[in-house]
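This report refers to the structure that appears directly beneath it.
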Amino acid sequence: MKRATLEALGDDPFDVLVIGGGIYGLMAARDAAMRGLRTALVERDDFGGATSHNSLKLMHGGIRYVQHLDISRLRASARERAFWQRAAAPVCQPMDFTIPLFGHGIRGPEAFAAAAALYTLASTGLRGPLYHGARAIGAKAARRRLGAFAPEERVSGGGIWRDGQLQDVNRLHMACLRAAIDAGALAANYMEVSALGGDGDRVTGVHLRDRLTGAEGAIRAGVTLSCTGKAAAALAGPHLRDRSLFTGFLRATNLVIDRDTRTSGIGVVSRSRSDAVVERGGRMYFFTPWQGQTIIGTHESSAEGAADADIDDLLTELQFACPRLGLSRKDVVWVHQGLIPADIDDSRGAVQRQTRGSLLDHSAQGLGGLISVAGVKYTTARLIAERAVDAALRQLDRDARPCRSFETPLPVDTSPDPDPRSDEPEVLAARLRQAARGEMAVSLQDVAVRRTLWAETGLSQAPGVEDRLLRAAAIAGIPAQPPLRD
């Protein structure tokens, strides 16, 4: 995969320009290119960064939406989880989850059994062969499954279901990017959109700045699809009279800790209030085994607060929920933080995660050529991309090939990465060259954080590894940090 130059992007107009190289932008570019549309994808930083990199790494099948009484979203989630399992099997692994249940009311096994039966029925035919329905178990079986995570409060049972876990989200992002480029898309990271270009009441493209060279240019496009998260409002704002349709955002925090806790996911109840329609007690945090360690999340807070304070807040919640684990800062290997769409909850004076994303076709506001997407969930990125490209086609008033993104597998690379603790710098240098020449990495940081698992598993923090990686980068001829011209 080659990074598109500013000149190549400016040569001829595109049918669809996608701004933002997170999972939503990657899937939109893939979908548009697969339908035969001339497609470009630009990303201000590196592909697959920000919120798409910073997640709990779960593909949710929709059981959580039973308590929100949202059956349509439940069914969509079960179907899309089956897509990822089929299309990206090398990096998507089914995992069982257990949560504690209390008493015999709304928090008890009888209520969960009813919800599980509804989920199982509503998702029949959508889940795929590796995902069974949900069920309730008795108190003894629940305590055995929960082990050290069993709460001090007496449990009356447990709830069990299965979801998918992404073992390597970086490889998945590269597979989505490769699929888009293989289908004909042009793509470039570190390419910043400085402003939208317009002709009266229609967006006709964007003004660009190459952050690696400092050069400036423009892209012409029939439809611009903004998958830029929190930046979407600022990007579209100068062209819109009403910006009230854009959502607010909260910060989500997940921690990778240096504990190999178990082989299945466990839910623990904190003292924070949950946001479900059917209130079942405190907010649930999940411990999920991953790469020999454990990811814990998700903690949510105002995007305006101090990001570092959220780490301590989450650890405090976990100390309350699982005091026997004794977690502290020293156990934290990596911190995942990203912004997700949210509403202001006036009754509580706090932010609240949205359960549905937004797809804004701005032609309905009198501004053609622009569509903004804000996703709330990794699992449904393919589905929302399909709908966004459908909306683009309506604006273009043209036919295209049928959408086949659901049936088409992703080209996931299954070759192993070298151990960065290796004393052979040439081996590491070869991996760095591969990332630079075939994965658009422009620095050692890109490779360590978003092309391999070296950073988020803590391997790059091992004694002596930083020096080894710097020597390998010098041999490979790539800088440690992206050489940006800001």
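Given the structure is predicted, the values throughout are model-derived calculations rather than measurements.
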Is there a donor in the side chain of Q337 and an acceptor in the side chain of T253, or the other way round, less than 3.5 Å apart? yes
Taking side-chain contact (heavy atoms from CB on, under 4.5 Å) as the criterion, tell me which of M174, E439, R450, H173 meets it with F47. M174
R3 CZ: over 12 foreign heavy atoms closer than 6.0 Å: yes
Got a donor-acceptor contact below 3.5 angstrom from the T408 side chain to the S405 backbone? no
Could you please spell out the steps behind the side-chain contact (heavy atoms from CB on, under 4.5 Å) verdict for S226 and V373? CA-CA 6 Å; S226 174; V373 174; over 6 Å; no
Side-chain donor/acceptor of S55 to backbone N/O of K57, under 3.5 Å: yes
Could you please spell out the steps behind the side-chain contact (heavy atoms from CB on, under 4.5 Å) verdict for Y378 and E80? CA-CA 10 Å; Y378 203 108; E80 293 304 310; over 6 Å; no
Short side-chain to backbone donor-acceptor contact, T452 and V447, under 3.5 Å: yes
Where at least one partner belongs to residues 226-245, residue pairs that pass ring-ring contact (aromatic ring centres under 6.0 Å, His included), sequence neighbours excluded: none
I'd like to know if the side chain of R171 and the backbone of R451 have a donor-acceptor N/O pair within less than 3.5 Å. no
N/O donor-acceptor pair under 3.5 Å between E192 side chain and L208 backbone: no
Do the side chain of D46 and the main chain of G49 share a donor and acceptor less than 3.5 angstrom apart? no
Where does the angle between the aromatic ring planes of H336 and W334 fall among parallel (under 30°), tilted (30 to 60°) and perpendicular (over 60°)? perpendicular
Kindly compute the distance separating CG (L26) from CD (E43), expressed to the nearest 0.5 Å. 8.5 Å
side-chain contact (heavy atoms from CB on, under 4.5 Å), that's the test. Do F14 and T39 meet it? Break it down for me. CA-CA 6 Å; F14 291 90; T39 303; 5.5 Å; no
Aromatic F406 / basic R79 pairing, under 6.0 angstrom, 45° off normal: yes
Please check if the side chain of T98 supplies one atom and the backbone of I160 the other of a donor-acceptor pair under 3.5 Å. no
Within 6.0 angstrom of D199 CG, more than 12 heavy atoms from elsewhere: no
When you measure from the side chain of Y24 to the backbone N and O of K377, does any donor-acceptor pair fall under 3.5 Å? yes
Step by step, would you call L360 with I371 a side-chain contact (heavy atoms from CB on, under 4.5 Å)? CA-CA 6 Å; L360 303 178; I371 299 169; over 6 Å; no
Pair H132 and F97, ring centroids less than 6.0 Å apart: no
Mark yes or no: R211 above the aromatic ring of Y190, with NZ or CZ under 6.0 Å from the six-membered ring centre and no more than 45 degrees from the axis. no
Any donor-acceptor N/O pair, R251 side chain to G305 backbone, under 3.5 Å: yes
Does the N54 side chain pair with the main chain of A50, one donor and one acceptor, at a distance under 3.5 Å? yes
